[in-house]
Amino acid sequence: MTCESLTTAGALLAARLSRARRAAVLTGAGISAESGIPTFRSGANALWRDRKPEDLATPEAFARDPGLVTGWYLMRLRMLLDALPNPGHTALAEIERRFVERRAFFSVITQIVDGLHHAGGSSDVVELHGSIRHWRCVACARERQLTADFVRSESERGGPIECGCGALMRPGVVWFGEALPTHAWALADAVASRAEVFIVAGTSAAVYPAAGLVAIAKRAGAFVVEVNPEATEATALCDLVVRARSGEFLPLIV
Ligand SMILES: NC(=O)c1ccc[n+]([C@@H]2O[C@H](COP(=O)([O-])OP(=O)(O)OC[C@H]3O[C@@H](n4cnc5c(N)ncnc54)[C@H](O)[C@@H]3O)[C@@H](O)[C@H]2O)c1
Ligand SMILES: [Zn+2]
């Protein structure tokens, strides 16, 4: 059912959540749109130096031209330097706080790599696609958290980022064609299978296996709710559809 009134939908969802012992939200790039970060297929992400994200976010692209791929990630990191969590992120953190208060569980399963759920106060967060702030060496697996100063100076310098061992550093994100981190996926699968309420917010639900979590939750009997201004591939599975921006709607639940 599509709910036209945001207040009614908010009250309905709040009632469901208040009765649930376990609930979760699957988020995508749309949750950070109101923080000024473009989704995958919009703004500076949609096309960069004439290349689509699908042609940059792959192991093959990095092997072919590591400087180019590094440059794209540094551009995305620069957009992040001043980005703040928006009311959508903070509402989810507040919902988690209330669940924890009554010893219940509310998990964020996210496809975003910008770290804004943590910045917004959520602590039960599964980062399915990793983090754009954590880089690792392709040879010795040394890890490095990129600071704002480092991002600025490397952007000016250009070219790939070297590790002390002489090999290259790559962003700690999951690229197209790569498997999800085993532990993160197992956790997400378990959370989706046990959720009584499952919210799908700001994702086109087109990138698998993450998108498959909606069906997993639905099959296991969850009440599934979509929060997205546009129809997605998950819409047909949803018990409640809210056509709104996440930063506008999610605060109405708390
Ligand atoms: N911020 C980030 O970390 C970031 C940014 C871009 C892409 N990505 C990557 O993009 C991949 C693509 O999948 P995706 O589904 O996350 O992104 P997507 O770009 O495919 O879809 C974004 C969805 O968000 C919706 N949306 C836009 N603004 C919204 C708002 N204010 N409130 C609610 N919904 C809104 C759109 O209608 C769309 O359905 C993921 O693998 C992810 O790792 C991450
Ligand atoms: Zn190294």
Side-chain angles (χ1 to χ4, degrees), residues 6 25-46 48 52-54 56-58 72-73 75-77 79-80 83-89 91-92 108-120 125-144 160-178 180-181 184 199-214 225-235 238 241-251:
L6 293 191
V25 61
L26 171 68
T27 67
I31 194 87
S32 293
E34 290 155 87
S35 294
I37 300 166
T39 59
F40 224 45
R41 283 160 245 290
S42 75
N45 273 334
W48 184 76
K52 296 195 295 270
E54 291 87 340
L56 291 161
T58 69
W72 184 58
Y73 280 96
M75 175 279 289
R76 293 179 57 198
L77 272 163
M79 290 194 297
L80 261 182
L84 295 172
N86 66 57
H89 300 111
L92 293 176
V108 175
I109 304 169
T110 192
Q111 300 165 85
I112 62 171
V113 294
D114 57 33
L116 287 180
H117 281 301
H118 287 110
V125 182
V126 183
E127 287 182 314
L128 276 182
H129 292 168
S131 161
I132 196 176
R133 301 172 194 253
H134 290 94
W135 289 48
R136 66 170 187 270
C137 173
V138 296
C140 74
R142 186 179 315 194
E143 294 188 6
R144 173 165 200 163
I161 299 172
E162 274 188 19
C163 172
C165 79
L168 299 182
M169 306 284 294
R170 60 160 283 177
V173 299
V174 177
W175 279 331
F176 290 108
E178 291 184 322
L180 301 193
I199 306 170
V200 190
T203 174
S204 57
V207 178
Y208 281 81
L213 292 167
V214 187
V225 185
E226 173 166 78
V227 184
N228 195 311
E230 286 170 30
T232 74
E233 308 200 12
T235 302
C238 294
V241 174
V242 184
R243 290 276 164 256
R245 287 176 282 123
S246 44
E248 176 188 19
F249 175 69
L250 294 176

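For ligands, and for the atoms within them, numbers begin at 1 and follow the listed sequence. This chain uses plain numbering: 1 for the first residue, then up along the sequence.
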Practice item. Any chance you could measure L92, atom CG, to S246, atom OG, to the nearest 0.5 Å? Key: 8.0 Å
Exercise for review: Answer yes or no: does an N/O atom from S246 fall short of 3.5 Å to an N/O atom of ligand 1?
Suggested key: yes
Exercise for review: Enumerate the atoms of ligand 1 whose separation from the nearest heavy atom of V113 is less than 4.0 angstrom.
Suggested key: 2 (C), 3 (O)
Review point. Got a sec, which residues hit side chain to side chain donor-acceptor pair (under 3.5 Å) with Q111, two or more places apart in sequence or on another chain?
Key: T203
**Study point:** Residues in side chain to side chain donor-acceptor pair (under 3.5 Å) contact with S35, at least two apart in sequence or another chain
**Key:** N86
Check your understanding: Does a side-chain N-to-carboxylate-O contact under 4.0 Å join R243 and E226?
Key -> yes
Exercise for review: Measure the shortest side-chain to side-chain distance between I109 and V25 over non-hydrogen atoms and say whether it is less than 4.5 angstrom.
Suggested key: no
Revision key, fill the gap. For A29, the atoms of ligand 1 under 4.0 Å from one of its heavy atoms are 5 (C), 6 (C), 7 (C), 14 (P), 16 (O), 17 (O)
Check your understanding: Where on P38 is there a heavy atom closer than 4.0 Å to ligand 1, on the side chain, on the backbone, on both, or on neither?
Key -> backbone
Check your understanding: Which of the atoms in ligand 1, numbered in the order shown and given with their element, are less than 4.0 Å from a heavy-atom of A33?
Key -> 28 (N)
Exercise for review: Show which atoms of ligand 1 fall inside a sub-4.0 Å distance from at least one heavy-atom site of G28.
Suggested key: 16 (O)
Check your understanding: Quick one: which of V242, N228, N86, T203 has a heavy atom closest to atom 25 (C) of ligand 1?
Key -> N228
**Study point:** Note, E143 side chain near W135 side chain (heavy atom, < 4.5 Å)
**Key:** no
Review point. N/O to N/O below 3.5 Å, does that happen between G202 and ligand 1?
Key: yes
**Study point:** Distance below 2.8 Å from the Zn ion (ligand 2): protein N/O/S atoms
**Key:** C137 SG, C140 SG, C163 SG, C165 SG
Please tabulate, for side-chain N and O atoms in residues 125-132, each donor-acceptor pair with protein atoms closer than 3.5 Å (sequence neighbours left out).
residue: S131; atom: OG; partner: R133; partner atom: N; Å: 3.1
residue: S131; atom: OG; partner: H134; partner atom: ND1; Å: 3.3

Practice item. Taking the side chain as every heavy atom from C-beta outward, state whether C163 and L168 have any pair of such atoms under 4.5 Å apart. Key: no
Review point. Under 3.5 Å, is there a donor-acceptor pair between the side chain of R245 and the main chain of E34?
Key: no
Review point. By number and element, which atoms of ligand 1 are closer than 4.0 Å to a non-hydrogen atom of E34?
Key: 30 (C), 31 (N), 32 (N)
Exercise for review: Would you confirm whether S32, through its side chain, and A29, through its main-chain N or O, come within 3.5 Å as a donor-acceptor pair?
Suggested key: no
Check your understanding: Between R170 and W175, is NZ or CZ placed under 6.0 angstrom from the six-membered ring centre and within 45° of the ring axis?
Key -> yes
Review point. Can you check whether I31 has an N/O within less than 3.5 Å of an N/O in ligand 1?
Key: no
Practice item. Examine ligand 1 and decide if any of its atoms is less than 4.0 Å from a heavy atom belonging to A206. Key: no
Revision key, fill the gap. When rounded to the nearest 0.5 Å, the distance separating CG of L6 from CZ of F249 is 6.5 Å
Point to revise | For I37, atoms of ligand 1 separated by under 4.0 Å from a heavy atom | key: 1 (N)
Point to revise | Element-labelled atoms of ligand 1 that are located less than 4.0 Å from some non-hydrogen atom of V207 | key: 12 (C), 13 (O)
Check your understanding: Side chains of T27 and H89: donor-acceptor distance under 3.5 Å anywhere?
Key -> no
Revision key, fill the gap. Ranking E230, Q111, E248 by closest non-hydrogen atom to atom 42 (C) of ligand 1, top hit is Q111
